[in-house]
Amino acid sequence: MIDLDTVRNHPRRVKEALRAKGLGSPDLVDTLLEVDETRRAAVTELQETQSRQNDLSQQIGTLKREGKDEAAEEIIEKTSQMKETIKRLKDEVQDAETRQEELVLKLPNIPHPSVPVGADESDNEVVETFGNPPTFDFDPAPHWELADRHNLVDLERGAKVTGSGFPFYLGKGARLQRGLLNFFLDRARERGYTEMQSPLFVNPKSAEGTGQLPDKDDLMYEVPRDDFYPIPTAEVPVTNFHRDEILSADDLPRQYCTYSPCWRREAGSYGSEVRGLNRLHQFDKVELVRIVHPDESYRALDELLEDAESALDALDLPYRRLLMCTGDMGFTQAKVYDLEVWSAAQERWLEVSSVSNFEAFQARRMQIRYRPEPEAKPELVHTLNGSGLAFPRIVAALLENNQQPDGSIELPEVLHSYTGFARIEAEA
RNA sequence: GGAGAGGUGGCCGAGUGGUCGAAGGCGCUCCCCUGCUAAGGGAGUAAACGGUGAUGAGCCGUUUCGGGGGUUCGAAUCCCCCCCUCUCCGCCA
């Protein structure tokens with residue numbers, strides 16, 4: 001949610017943001033400002049009436065205590081009419097507030113000035129590429145073939161048991177997942193994050209807080225009977241951890257890391273784009289969340305990027321850093337970097353992390369504030385998050401990039417102590 | 001799931017229809033005193049919204065005692081619904 005003051009004072013900036021992100025009509029802004037006027041007029045009138053009523057009620061109290069009942073009765077008669085007026089005005093204010101709330105929730109975050117303006121993913125900026133794609137003197141197999149050959153993943157049985165996109169991991173496949181989990185979390189902890197385990201379902205308020213509702217509600221699965229959503233990312237529960245809180249300045253920054261499965265409905269395309277582990281309805285991820293002082297958030301964004309990239313470095317995977325353009329970034333972000341690993345057999349880049357600064361957009365929805373000084377007025381924090389990292393495509397890249405002529409897969413050395421094995425052997 | 005108790009300011013805790021935004025305590029901030037420390041004295045200490053100011057300070061007002069609705073001229077206080085916490089029972093990894 002963006003600041004109402006920003007809409008009032010810089011309507012053009014907000015309209016530009018709507019255009020740049022390609023989300024919603026700029027007319028929203030004008031409608032919102034009209035509703036705001038209506039609301040304020042009604043509020044003022046309501047408050048004036050209430051003020052008069054309070055005065056009169058107080059007089060009644062005094063008169064009754066003094067035993068002047070007839071005098072009190074007279075005033076009561078006068079006030080009783082005000083009841084209806086107040087009720088009517090309250091309804092008007094309520095209506096306007098509801099409409100205003102709905103409208104303001106439709107306004108996307110304003111992109112940071114450093115974000116390139118663009119229409120879609122083709123306008124994203126490749127900032128830097130790290131590592132060298134491996135070369136092979138044989139035809140590298142795609143990860144789904146390797147996974148099959150070594151019996152690491154079973155998508156067919158997953159589809160039988162649940163549906164497509166819900167994999168089983170088996171044997172060394174499962175152990176690799178568990179190894180990655182510990183590897184990522186240990187690294188995050190060493191880099192100053194507090195480890196956390198969170199609920200895996202959230203209520204609508206939390207989903208709204210981080211911006212999954214109302215805008216992208218077909219991203220999430222639903223549990224209507226209990227009004228829960230299985231989390232599409234641990235960003236949701238972890239960022240909402242401090243919802244409706246006022247932190248003291250010394251509480252900042254807060255840095256949390258957590259492992260969680262993630263569930264996403266999003267109806268994907270078909271074919272090789274989504275084959276194997278490329279796109280799943282259930283996947284695992286380690287998420288990094290930072291809650292920081294507003295002045296620090298862009299420094300924190302750089303650090304967060306380093307946190308995620310250092311894990312890729314350690315795994316010795318070639319990757320590149322993308323700065324997302326206005327048209328390809330989400331509703332809630334002010335600035336986003338995507339990290340993509342090289343998939344040697346598919347010969348394409350796979351997104352494994354999205355590192356975002358939301359500035360105060362989420363904090364305003366969640367009312368996460370801090371008090372700059374002991375007596376000072378609370379101000380909104382800035383929130384950030386980034387994957388550190390998403391498992392399936394990492395696994396895909398590890399398998400494809402590290403395959404050997406004999407069909408075995410050598411794992412990077414940092415993982416050996418985590419997995420308990422150094423290679424996935426060719427079948428006997 | 002059943003039965004009971006309870007949800008009040010940063011925290012603890014009083015308050016059962018009118019000068020209660022709410023006693024008292026703790027904590028915190030500032031000041032005084034004490035050559036340091038400890039102790040003591042005094043003052044202050046919620047948020048949101050609206051109006052007025054320069055979208056600052058200040059001032060005026062409204063709302064908020066878990067949430068929503070109702071009764072009343074007037075609700076922390078009475079009534080209804082919901083949520084949450086705790087205790088006991090049941091069930092259960």
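Here is the naming used below: chain letters follow the sequence lines, and residue numbers restart at 1 for every chain. All values derive from a computational prediction rather than experimental measurement.
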Fill in the blank from the handout: Note: contacts of residues 83-91 of chain A with RNA chain B (heavy atom, under 4.0 Å) are A/Lys83, A/Lys87
Problem - Residues from residues 239-252 of chain A lying under 4.0 Å of RNA chain B - heavy atoms - result: none
Completion exercise
Among the nucleotides B/C73, B/A46, B/G50, whichever has the atom closest to the side chain of A/Arg39 is B/G50
Exercise for the section: State which of B/G74, B/A47, B/G50 makes the closest approach to the side chain of A/Ser57. Expected result: B/G74
Practice task
Would you mind listing every side-chain hydrogen bond (donor to acceptor under 3.5 Å, both in side chains) that reaches into residues 230-246 of chain A, with sequence neighbours excluded?
Solution key: A/Ser206-A/Arg243, A/Thr233-A/Lys285, A/Glu235-A/Gln362, A/Glu235-A/Asn385, A/Asn240-A/Arg243, A/His242-A/Glu245, A/His242-A/Tyr256
Problem - Residue pairs passing the side-chain hydrogen bond (donor to acceptor under 3.5 Å, both in side chains) test where at least one lies in residues 49-59 of chain A, sequence neighbours excluded - result: none
Practice task
Just grab all the salt bridge (charged side-chain N to carboxylate O under 4.0 Å, His left out) pairs involving residues 292-303 of chain A, residues at least two apart or on different chains.
Solution key: A/Arg290-A/Glu303, A/Glu296-A/Arg299, A/Arg299-A/Glu303
Separation of atom [atom1] in [X] from atom [atom2] in [N], rounded to whole Å:
X	N	atom1	atom2	value
A/Asp226	B/C83	CG	P	12 Å
A/Lys377	B/U55	NZ	C1'	12 Å
A/Arg40	B/A48	CZ	C1'	15 Å
A/Gln367	B/U64	CD	C1'	14 Å
A/Ile76	B/G17	CD1	C1'	13 Å
A/Glu77	B/G74	CD	C1'	16 Å
A/Met82	B/U72	CE	C1'	15 Å
A/Glu97	B/G50	CD	C1'	11 Å

Please tabulate, one pair per line, each protein N/O and nucleotide N/O from nucleotides 60-62 of chain B that are separated by under 3.5 Å, including the distance.
| unit_1 | atom_1 | unit_2 | atom_2 | d |
| --- | --- | --- | --- | --- |
| B/G61 | O3' | A/Ser51 | OG | 3.3 |
| B/G61 | N2 | A/Gln47 | OE1 | 2.9 |
| B/G61 | N2 | A/Gln47 | NE2 | 3.0 |
| B/U62 | OP1 | A/Asn54 | ND2 | 3.1 |
| B/U62 | O3' | A/Gln50 | OE1 | 3.2 |
| B/U62 | O2' | A/Gln50 | OE1 | 2.7 |

Handout entry: Nearest heavy-atom neighbours spanning A/Val29 and A/Pro11
Key = CG1-CB, 3.8 Å
Fill in the blank from the handout: Heavy-atom closest pair (A/Pro372 atom, A/Ala249 atom, distance to 0.1 Å) is O-CB, 3.6 Å
Handout entry: A/Lys377 and A/Glu379 ion-paired at < 4.0 Å
Key = no
Practice task
Please determine if A/Glu92 and A/Arg88 form a salt bridge, counting it only when a charged side-chain N lies under 4.0 Å from a carboxylate O.
Solution key: yes
Exercise for the section: In sequence, state the C-alpha distance, the side-chain angles, and the governing distance for A/Lys15 and A/Arg19, and then conclude on side-chain contact (heavy atoms from CB on, under 4.5 Å). Expected result: CA-CA 6 Å; A/Lys15 288 182 186 178; A/Arg19 260 190 293 270; 4.0 Å; yes
Pick the [atom1] atom in [N] and in [M], then give their distance to the nearest Å.
N	M	atom1	value
B/A43	B/C26	P	14 Å
B/A93	B/U87	C1'	23 Å
B/G66	B/G7	P	8 Å
B/C28	B/C86	C1'	30 Å
B/G42	B/G4	C1'	47 Å
B/G17	B/C73	C1'	12 Å
B/C11	B/U16	C1'	25 Å
B/G74	B/G58	C1'	31 Å

Exercise for the section: Quick one: sort the A/Tyr298 and A/His112 rings into parallel, tilted or perpendicular, breaks at 30° and 60°. Expected result: tilted
Practice task
Can you label the angle between the A/Phe391 ring and the A/Phe184 ring as parallel, tilted or perpendicular, going by 30° and 60°?
Solution key: tilted
Fill in the blank from the handout: The answer to which of A/Asn9 and A/Gln94 contacts RNA chain B further toward the 5' end, by nearest nucleotide, is A/Asn9
Fill in the blank from the handout: Between A/Gly61 and A/Thr79, whichever has its closest RNA chain B nucleotide further toward 5' is A/Gly61
Practice task
Kindly write out the residues that satisfy side chain to side chain contact (heavy atoms under 4.5 Å, CB included) with A/Thr44, not counting sequence neighbours, or none if the list is empty.
Solution key: A/Glu48
Problem - Pairs satisfying ring-ring contact (aromatic ring centres under 6.0 Å, His included), at least one member in residues 61-86 of chain A, at least two apart - result: none
Practice task
Measure the spacing between CD of A/Glu309 and CG of A/Leu304 and express it to the nearest 0.5 Å.
Solution key: 10.0 Å
Exercise for the section: With the side chain counted from C-beta on, respond yes when A/Pro116 and A/Asp123 share a heavy-atom pair under 4.5 Å apart, and no when they do not. Expected result: no
Completion exercise
For A/Phe201, the ring pair (Phe, Tyr, Trp, His ring centres under 6.0 Å) test, sequence neighbours excluded, returns none
Completion exercise
A/Phe358 meets the ring pair (Phe, Tyr, Trp, His ring centres under 6.0 Å) criterion, sequence neighbours left out, with none
What does the list of N/O pairs under 3.5 Å between the protein and nucleotides 19-21 of chain B look like, with a distance for each?
| unit_1 | atom_1 | unit_2 | atom_2 | d |
| --- | --- | --- | --- | --- |
| B/U19 | O4 | A/Arg65 | NH1 | 2.8 |

Problem - Base of B/U55 paired with side chain of A/Asp5 (donor-acceptor, under 3.5 Å) - result: no
Completion exercise
Intra- and inter-strand pairing of RNA chain B, written as dot-bracket with Watson-Crick and G-U pairs under 3.5 Å and | for the latter, reads ((((((((.[[[..)..(.....]]]((((((.......))))))(((((((.....))))))).[[[[[..)....]]]]])))))))....
Exercise for the section: Answer syn or anti for B/G53, where the cut-off is 90° from 0 on the glycosidic torsion. Expected result: syn
Handout entry: Touch class at under 4.0 angstrom, heavy-atom based, for A/Ile60 against every strand present
Key = base
Practice task
Would you indicate what A/Gln59 reaches in the nucleic acid, counting non-hydrogen atoms under 4.0 angstrom: base, sugar-phosphate, or nothing?
Solution key: nothing
Problem - Result of checking A/Glu34, A/Gln100, A/Gln94 against A/Arg39 for side chain to side chain donor-acceptor pair (under 3.5 Å) - result: A/Gln100
Practice task
Evaluate the criterion salt bridge (charged side-chain N to carboxylate O under 4.0 Å, His left out) for residue pair A/Asp36 and A/Arg40; output intermediate values, then yes/no.
Solution key: CA-CA 6 Å; A/Asp36 186 43; A/Arg40 283 196 286 178; 3.5 Å; yes
